[in-house]
There are 2 protein chains.
Amino acid sequence: MTTEGSPGQGQGLHTHVLDTLGLAITAGEYLPGSVLRTDEIAERFDASRTVVREVVRVLESMHLVESRRRVGVTVRPTDEWNVYDPRVIRWRLAGTDRPRQLRSLTVLRSAIEPVAAGLAARLATPQQCAELTEAALGMVRTSRGHQLEGYLQHDIAFHRVVLNASGNEMFARLGDVVAEVLTGRTEHAVMFHDPDPAAVTLHVQVAEAVREGDAERAEALTRRIAVGALEELDVLAP
Amino acid sequence: MTTEGSPGQGQGLHTHVLDTLGLAITAGEYLPGSVLRTDEIAERFDASRTVVREVVRVLESMHLVESRRRVGVTVRPTDEWNVYDPRVIRWRLAGTDRPRQLRSLTVLRSAIEPVAAGLAARLATPQQCAELTEAALGMVRTSRGHQLEGYLQHDIAFHRVVLNASGNEMFARLGDVVAEVLTGRTEHAVMFHDPDPAAVTLHVQVAEAVREGDAERAEALTRRIAVGALEELDVLAP
DNA sequence: GATACTTGAATACGTAGTACTTAATGCGCT
DNA sequence: AGCGCATTAAGTACTACGTATTCAAGTATC
């Protein structure tokens with residue numbers, strides 16, 4: 001049996017091969033420097049060379065591999081990967097070094113989100129303010145009685161609105177990353193108990209500060225949320 | 001004449017087509033929603049469908065376009081692009097909305113770098129400390145007498161070391177972005193006069209703080225550098 | 001007349017075969 | 001030993017063909 005068939009089966013051969021290979025590489029199954037030949041891949045997945053070439057080109061565009069003549073497709077060292085590519089992030093979160101990845105993403109959040117909140121306080125539209133308070137109130141409502149799923153949704157919505165309202169496209173594009181991290185925390189999660197009431201309160205206060213246009217307060221409060229997230233991570237994975 | 005031939009000519013047909021098309025899309029030459037057909041592209045570049053398919057797949061992986069059957073390759077709205085992809089960044093910096101891009105990247109820097117400096121103060125190896133002071137001293141040396149090129153190189157080196165020393169891979173990968181922004185500033189640059197002496201001093205002080213392991217001071221000083229960069233941007237492009 | 005079904009065409013998706021180009025390797029000659 | 005040429009493995013590129021999907025228009029039925 002040469003064919004493979006776990007991830008992404010139902011979306012075209014290209015997606016399937018790409019996902020499988022990307023997951024394998026990011027999971028460290030192929031060490032940096034190791035080589036894959038295109039026809040070897042083609043045989044392994046029972047796909048044509050055209051499909052394999054397209055996949056290799058995409059992996060190359062993510063800086064996961066480098067394709068050189070006469071030598072093959074070589075896996076690049078980790079520190080050259082495009083770690084901001086959403087697909088790479090997803091692969092790494094699904095793979096073996098999920099804890100490391102979760103930590104570095106949380107540190108990233110803790111740098112970005114306070115600044116984003118400060119900007120949001122200055123720039124948020126009335127509608128965004130409304131969405132923000134709605135999300136915060138949703139968090140309050142679902143913060144008791146093991147409604148973790150509902151809580152998560154409101155939490156994600158909250159942070160998404162803040163990032164969007166910042167008016168900075170680079171921040172806005174991190175919405176998916178934050179969603180991924182929050183989801184990961186809940187899933188992975190040693191959150192048997194209800195969410196930290198202090199965190200919920202902070203979210204409500206951030207919504208207030210943004211509504212009132214108090215940039216400094218919004219930033220400071222969000223920074224406290226970030227510190228909380230980092231501490232939580234230290235408890236879970238020391 | 002159907003053939004085109006400006007960017008990236010000397011590195012394979014694939015690269016050429018990709019660069020040209022990516023540049024055109026990010027420059028807004030094709031509005032979101034507009035469609036390109038693969039064979040139309042093939043004809044335009046006098047390339048085979050194989051090459052076009054590979055290019056489209058890569059553009060798709062950057063979320064610049066979406067390829068659907070029966071309809072063609074449609075350009076996605078701006079807010080869905082993978083704006084962290086180095087190639088997208090380069091295209092946008094080379095294109096029409098360079099100012100907007102430069103601003104959003106500078107805001108990103110101002111959020112990341114202070115935090116990175118704080119982490120670097122705790123984690124930097126002796127060698128990294130040495131590199132940092134070396135870079136700072138280089139900036140001092142070249143800050144007078146129109147040695148803009150040399151100054152730029154030391155400036156880039158400085159920020160790169162800080163980002164690397166932070167120990168966070170997400171931060172470290174922003175080194176290229178920062179280099180791009182700094183280069184852009186010098187080129188575009190209304191920097192006839194020598195660099196701001198205050199900024200140079202701040203860099204030296206950051207190097208000191210990192211060497212002494214004073215995280216809070218390193219962070220605060222770097223934040224002042226960031227504020228300076230933002231103000232400079234306001235002066236150049238109000 | 002409105003809705004559901006069929007049909008058709010347009011277009012991307014996938015495969016197969018072939019020829020060219022590059023560059024690492026190894027052999028032979030000096 | 002060192003240099004250079006031949007070998008050859010691998011990616012690069014083109015072409016042609018068949019498949020699958022999906023949008024849209026037309027038709028039939030209710």
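Chain identifiers are assigned alphabetically (A, B, ...) following the order of the sequence lines, protein sequences preceding nucleic acid strands; residue numbering begins at 1 within each chain.
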### Task
Please report how far the helix from dG1(C)-dC30(D) to dT30(C)-dA1(D) bends, comparing the axis fitted to its first five pairs with the axis fitted to its last five, to the nearest 10 degrees.
10°
### Query
Is the backbone N or O of M170(A) less than 3.5 Å from a side-chain atom of Y84(B), with the two atoms forming a donor-acceptor pair by type?
yes
#### Entry: side-chain contact (heavy atoms from CB on, under 4.5 Å) partners of E180(B), counting only residues at least two apart
R90(B), L93(B)
#### Entry: Protein proximity profile, nucleotides 9-19 of chain D - base contact B, sugar-phosphate-only contact S, no contact -, cut-off 4.0 Å on heavy atoms
BSBBBBB-B--
### Query
Which pairs, with at least one residue in residues 128-140 of chain A and sequence neighbours excluded, count as a salt bridge (charged side-chain N to carboxylate O under 4.0 Å, His left out)?
E134(A)-R141(A)
### Message
Please determine whether a side-chain nitrogen of the Lys or Arg among E54(B) and R57(B) lies less than 4.0 Å from a carboxylate oxygen of the Asp or Glu.
### Response
no
### Query
Listed by chain and number, what are the side-chain contact (heavy atoms from CB on, under 4.5 Å) partners of D176(A), not counting sequence neighbours?
R160(A), R173(A)
### Query
Taking CD from E66(B) and P from dT22(D), how many angstroms apart are they, rounded to a whole number?
12 Å
### Message
Using modelled atom types and a 3.5 Å cut-off, is there a donor and acceptor pairing between side-chain atoms of E80(A) and backbone atoms of P77(A)?
### Response
no
### Message
Can you list everything that forms a side-chain contact (heavy atoms from CB on, under 4.5 Å) with R100(B)? Sequence neighbours excluded, please.
### Response
E169(A), R92(B), D97(B)
### Query
Do H203(B) and H159(B) have side chains that get closer than 4.5 Å, going by heavy atoms?
yes
